[in-house]
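Remember, it's 1-based here, ligands and their atoms both numbered in the order they're listed.
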Amino acid sequence: MEKKRHHNETTVNLNNEAVSGNIEALKERISALEKQIEELKTAGKDLIENQDYFQDIFETVNEGIALTTLRGKVLTVNRNLERIIGVPAKSLLGRNILRLASDLLSAENLKFVLPVLKSLLYGEDILPFQVNFNNKIIEVSARINRTTKRLTGTVRDITDRKNTEEALTKSELRLRRAELASKSGNWELYLDTNVMIGSEGARKLYGIGTSPMDYSVAKTVPLPEYREMMDKALKELIEDNKPYDIEFRIKNVSTGEIIDIHSICEYDRKNRILFGSIKDITDRKRAEKEIRDKSSDLAKLLEISMELLETTDRKKVFEKIVRGAPGLIGLEAGAIYLVNGENLYLEAANPQLPPDLPEEFRKAVLVNHPHIHKAITTRTHLILSDTIREELTPQERAIVESRNLRSMIYIPLFADKKAVGILIFGTIGKQHDFTGHEMDMCMALSNICSLALENSLLVSNLTIAKEKAEESDRLKTAFLHNISHEIRTPLNAIIGFSGFLDQPDLSPEERKEYIDIIFQSNNQLLSIINDILNISQIETNQVLVHDLPADINHFLKNLHRQFLDDARRAGIEFRLNILSPSEKSIILTDEGKLIQVLTNLLSNAFKFTHNGFVELGYSREGEFALFYVQDSGIGIPESEHSKIFDRFYQVDKSVSRLYSGTGLGLSISNAYVKMLGGSFSVESALNHGSRFTFRIPFRKPVEDGESKPNALCKEEESVLAVKTILVAEDEESNFALVSAILKPSGFRMIRAKNGKLAIDICKTNPEIDLVLMDIKMPVIDGFEATREILKFRPDLPIIAQTAYAHPSDRARALETGCSDYLAKPFNRNQLLELIGKYLK
Ligand code: ADP
């Protein structure tokens, strides 16, 4: 811009009188004028200097400046204005500001700028406003100078300032957000003035709001117990420059909430300012506490479960659990009851029950405690959240009130998969809602209880099993003693009396007597062997049940007949008690086994009765057939009742006992009755006789004409009676057994002592209907003999029998041509049934 200079005009007035009259005065005036001129010159010079000075300022200020007339015509602009708005002076000078604005500004800006400019032209100053122009943010203001009649417009480029401000605001915003999100804040404390400045986050954490604060305010927020520690930390930071990193708790001023705080602080020693940051660590602390609590709970649980390893005494474990629970889950009261039938028995309680409490607290009736009952029957836990509001039975209420129990949990205890007890925890006095963690702990404790129960059950089962094994061992030893005695006695008789039979001077009566003794001894031996065979078959599960129609009245009458002679000889009355003896009472059952059971019972009855009577009875009881054998004999003490059915058990275990026997009869009988679907009972008292009763299902046979009564029925006997059987057997005892079985059934028997004889006898005896062929025989063995016999009697049924019960024997026997195969030992029924199969 061109610089212009303006000189002030000076006017001098000349007085005519002074010219004419007084030169001196004129001189004076001239000198005064000269002085004035001099002064004016100095003033003009000052003015010029001032103008330069202002021109300098005009050009050097940061702002762009424009001077216009009051009507808005641009008179002059400085260079900064040209630079800021990017328009040269020549395009501006002499133009009106309204026009210029219309040319330069965007329509959007113009909308609010034009009215402002107009108001300026109407005489109002313009307060600073901002416009966006040429990618810059420009602040515009204007002032009216009424003395000089000029308008001064000022523009300022505030782009950078604005951007910085914006960036600052943004980062502040970010910081604020970060603080609020992370529940943290920061503060500054000016030690000299005690002024404290806190960020929004810090103020929020402390609950202080926006009111001014100083250190004394901040100091009252932490809980009193932390203040001393905080002062000390601050002192050490300021005095010793020791790092300040502490944790404490505060009470939020507005909400009253207790908050855990982690605080770090630094000290600017030079300016004596403390810079601190705080963070809400309540959640972390809570989590830490939870982890601490949980791990200490687990440690306690472990300690309680260790008790399981140390003892098998469940009561000790129970005591530990009810006492340990308060430390674990804060439930002060606990109890454990076990169920036995209808009753509950207290096993452990905490706090312990005073000794003078009613019995109901230690032994209770289950139905009076429906909550326990429900937990046990549903096998799930049950919670009473407040006993004051719950409906309780008087018995429940009595316990709850005497112990002041409020919130309770009942957890069932299991052993052997059955709910057998209950674990109860409760609070004393105060209502309590069980947390998930507490529930977990309760369940873990109940599991330990259940394990303790299982353990004690296992131990008692093991003890019982051990006692049983020892008892069985004792019985077996006793049996071996017995059996050798039982076998030796008849054997002695057989051997001894057989020797006498050779004596030539023996009278026919003596001979008959000796033969009777030998025969009796033989039978005795046979029955022992049979018992042993039977028990071994029972133990190896080889006994099969063959149900066929049988006439009860018929076989009872037969049995009665069989024992009548013995009874008469012993002078004992033998009674048969059946309702209508002349009628048939057909039942579907295994008659052979039934007869064997009754025979055992009758033998015992006669053996143990010296005078009085023996009675055999039968009656129908609904779905059951009930049999009994009663006697007036020596009786059995009650303590022995459950044992006499054990194998080898005999009431009189002494070596010098009066009665013979092996102790197997009742055990076999019991097993058979079970196989027939029935059960035994015994009533007896020492010296008052005995009554053995058993019942089996009364099943009627299906009337299909096919079923026949079993082999021992009269009808069947008559069919079989005419049959002849060749028994090829070299062993005497084996033959004795076979003949003992076959003879009573009326078979005709021929014996061959070796294979060769068997062939010969078959050739000469065409009436032979069946051969029982022993395999291991002298001269010619059973296989060879079978092959030979079949050559001339191809249809003759030959049943192989051998003691070598190997599956290959059976295959070999059948290959050889045998019709069937019977492994020794066999019993009466098996033999009769097999023979029956081929001799129909
Ligand atoms: P055994 O008679 O061969 O000894 P059991 O098994 O038949 O064996 O009987 C077991 C025991 O039961 C007998 O030894 C005896 O002590 C007792 N017992 C059985 N029946 C009677 C009875 N009718 N009277 C008294 N005691 C009996």
Side-chain angles (χ1 to χ4, degrees), residues 471-472 474-490 520-521 523-539 543 559-560 563 566-567 570 572-575 577 593-617 627-675 679-694:
E471 169 75 359
S472 147
R474 270 198 303 278
L475 288 176
K476 273 186 189 151
T477 316
F479 170 74
L480 287 177
H481 263 108
N482 280 347
I483 203 79
S484 67
H485 174 258
E486 292 299 321
I487 290 173
R488 254 172 235 285
T489 317
Q520 260 175 28
S521 304
N523 278 348
Q524 215 175 320
L525 262 184
L526 264 180
S527 95
I528 293 170
I529 290 167
N530 264 339
D531 276 359
I532 295 172
L533 287 179
N534 285 339
I535 204 80
S536 71
Q537 281 177 325
I538 289 168
E539 295 215 331
V543 183
L559 271 174
H560 185 246
F563 279 87
D566 294 346
I572 293 167
E573 186 192 351
F574 183 26
R575 309 195 285 240
N577 180 13
K593 292 193 175 61
L594 204 51
I595 289 174
Q596 198 174 332
V597 173
L598 288 167
T599 308
N600 285 344
L601 295 181
L602 286 171
S603 305
N604 279 347
F606 282 107
K607 187 161 66 176
F608 296 108
T609 305
H610 305 298
N611 44 51
F613 71 93
V614 169
E615 186 170 298
L616 166 65
F627 299 87
Y628 70 88
V629 172
Q630 190 172 355
D631 63 56
S632 57
I634 63 167
I636 307 160
E638 187 153 357
S639 57
E640 305 281 325
H641 286 192
S642 59
K643 300 179 192 161
I644 51 175
F645 291 96
D646 289 347
R647 280 176 293 136
F648 313 128
Y649 194 85
Q650 294 177 307
V651 174
D652 183 358
K653 298 176 238 353
S654 64
V655 182
S656 58
R657 70 206 159 83
L658 285 170
Y659 305 98
S660 62
T662 56
L664 289 175
L666 283 180
S667 143
I668 294 170
S669 303
N670 193 30
Y672 281 1
V673 166
K674 274 191 190 151
M675 283 179 207
S679 60
F680 247 111
S681 68
V682 55
E683 296 152 75
S684 182
L686 200 58
N687 300 325
H688 284 92
S690 313
R691 182 185 170 105
F692 285 85
T693 310
F694 67 91

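Contact between I636 and E640 at its shortest, heavy atoms only, is CG2-CB, 3.7 Å. The shortest heavy-atom contact between L594 and F694 is CD1-CE1, 3.7 Å. Shortest non-hydrogen contact noted between S679 and V673 is N-CG1, 3.4 Å. Closest approach of L559 to F574, counting heavy atoms only: O-CE2, 4.3 Å. Smallest separation of non-hydrogen atoms from N600 and G665: ND2-O, 3.3 Å.
Contacts between L664 and ligand 1 below 4.0 angstrom, taking non-hydrogen atoms only, involve the backbone exclusively. Heavy atoms from both the backbone and the side chain of L666 come within less than 4.0 Å of ligand 1. The residue E640 has no part lying near ligand 1, judged by heavy-atom distances below 4.0 Å. Neither the backbone nor the side chain of F645 has a heavy atom within less than 4.0 Å of ligand 1.
Annotation: K607 places an N or O atom under 3.5 Å from an N or O atom of ligand 1; distance criterion only. The shortest N or O to N or O distance between V651 and ligand 1 is below 3.5 Å. The N/O atoms of D631, backbone and side chain alike, include one that comes under 3.5 Å of an N/O atom in ligand 1.
Using a 4.0 Å cut-off to heavy atoms of Y649, the atoms of ligand 1 that qualify are 10 (C), 11 (C). Remark: ligand 1 atoms within the under-4.0 Å shell around heavy atoms of G661 are 3 (O). Short contacts between ligand 1 and G663, defined as distances under 4.0 Å to a heavy atom of the residue, involve ligand atoms 1 (P), 3 (O), 4 (O), 6 (O), 8 (O).
Open room surrounds CD on E638; 12 or fewer heavy atoms of other groups in view lie less than 6.0 Å from it. The local environment of NE2 in H688 is sparse, with at most 12 non-hydrogen atoms from other residues, nucleotides or ligands closer than 6.0 Å.
Across the listed options I636, V682, L686, I636 owns the non-hydrogen atom lying nearest to atom 27 (C) of ligand 1. When the options T662, N600, L602, D531 are ranked by their closest heavy atom to atom 3 (O) of ligand 1, first place goes to T662.
A distance of 10.0 Å separates OG in S684 from CD in Q630, rounded to the nearest 0.5 Å.
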